[in-house]
Amino acid sequence: MYIKMAAEEDNKMTDRWQKDADGILIFTGLFSASVAALAAVSVQDLRPNSQDTSAFYLKNIYRLLADPNISRAAILASPAEPPPFSPPRYAIWVNSLWFLSLVMSLTCALLATLLQQWARNYLTVTQPPRFSPHKRARIRAFFANGVEKFHLLRAVEMLPALLHLSLFLFFFGLLIFLCNINHTPFTVVACWVGLSAGIYVCITLMPIFCHDSPYYAP
């Protein structure tokens, strides 16, 4: 009886792990592709632009051609090299947030893949068909104690929280990016992000005040 009930419970638990991991993998795949596409554009702001260098030299050449009477001292006084490149502060913040978000998202995907392997391995070791029921019960109790001892269930619950954190980091970077591009899309996106953040906070705190609330956030 114990073996049958334990097997049913383990199957339900590992099935939940598998479904959670599947959902995380699908979301991280789409999310990481979006972040990577935007980061590929924003990272250009961290590197010197060859067009700015060309414009600097063309400006000097134009000065010489436009004023043939310019003195040699003025030519020597003008800078021969373009000023050292310094990326704008907003670009540093945007790329830091977006790349951190991308790395966290990929980490979630890796952990979700490992979770699927852990679930399959747990069923394999706790339900060996060749052993007697008594030995199978002892094996199952041993590994079930390990799951509780090493807080595997808590680690599984932390995966969505890590994914949510990476999403909010992306939102913060997006707001900084849009604020330095144009204020109209920044205002529209900021309103939506603020509304979504408010709903997320309400969902997170609702179970504390309403114990029968079906809403839950990690």
For atom CD of Q117, is the number of surrounding heavy atoms from other residues, nucleotides or ligands below 6.0 Å larger than 12?
yes
Using the side chain to side chain contact (heavy atoms under 4.5 Å, CB included) rule, take D45 and Y90 through it: C-alpha gap first, then chi angles, then the decisive distance, then the call.
CA-CA 10 Å; D45 297 331; Y90 86 91; 3.6 Å; yes
For L163 and S166, the nearest pair of non-hydrogen atoms, with its separation, is O-OG, 2.6 Å
Are F143 and V147 connected into the same hydrophobic cluster when the rule is that any two of I, L, V, M, F, W, Y join if their side-chain heavy atoms are below 4.5 Å apart?
yes
Are there over 12 heavy-atom neighbours, none belonging to F142, within less than 6.0 Å of that residue's CZ?
no
In a check of side-chain contact (heavy atoms from CB on, under 4.5 Å) between L159 and each of T28, D20, L115, which one passes?
L115
For the CH2 atom on W118, are there more than 12 heavy atoms of other groups (residues, nucleotides or ligands in this structure) within a distance under 6.0 Å?
yes
Answer yes if L123 and W17 sit in the same cluster of Ile, Leu, Val, Met, Phe, Trp and Tyr residues linked by side chain heavy atoms under 4.5 Å apart, and no otherwise.
no
CG (L153) and CZ (R16) are apart, to the nearest 0.5 Å, by 8.0 Å
Quick one: does S196's side chain get under 4.5 Å of V193's, heavy atoms only?
no
Exercise: identify the closest heavy-atom pair between A109 and L25
O-CD2, 3.4 Å
At what distance, to the nearest 0.5 angstrom, does OG1 of T204 lie from NE2 of H164?
9.0 Å
Looking only at heavy atoms, what is the nearest atom pair of E157 and P160, with distance?
O-CD, 3.2 Å
So CZ of F177 and OG of S42: to nearest 0.5 Å the spacing works out to 6.5 Å
Is it the case that one hydrophobic cluster holds both L106 and L169, taking links as side-chain heavy atoms less than 4.5 Å apart, direct or via other members?
yes
Could you tell me the separation between the CD atom of Q18 and the CE atom of M13, rounded to the nearest 0.5 Å?
11.5 Å
F168 CZ to Y200 OH distance, which is reported to the nearest 0.5 Å:
5.5 Å
Specify whether F31 and F27 have parallel, tilted or perpendicular ring planes, treating 30° as the upper limit for parallel and 60° as the lower limit for perpendicular.
parallel
At their closest point, which heavy atom of A40 faces which heavy atom of V43, and how far apart are they?
O-CG1, 3.5 Å
Could you tell me whether the side chain of M158 reaches within less than 4.5 Å of the side chain of L111, counting heavy atoms only?
no
Co-membership, hydrophobic cluster, residues L174 and I181, 4.5 Å side-chain
yes
Of all residues at least two apart in sequence or in a different chain, which pass the salt bridge (charged side-chain N to carboxylate O under 4.0 Å, His left out) check with K19?
D15
If you compare all heavy atoms of S101 against all heavy atoms of F170, which two are closest, and at what distance to 0.1 Å?
OG-CB, 3.6 Å
With a 4.5 Å heavy-atom cut-off, do L175 and F171 have their side chains touching?
no
Find the distance between CG (N121) and OG1 (T126) and round it off to the nearest 0.5 Å.
9.0 Å
Joint cluster assignment, I199 & M206, ILVMFWY side-chain distance < 4.5 Å
yes
List the steps, then state whether side chain to side chain contact (heavy atoms under 4.5 Å, CB included) holds for L30 with S34.
CA-CA 6 Å; L30 298 174; S34 302; 5.6 Å; no
If the condition is side-chain hydrogen bond (donor to acceptor under 3.5 Å, both in side chains), which residues does S105 pass it with, not counting sequence neighbours?
S32
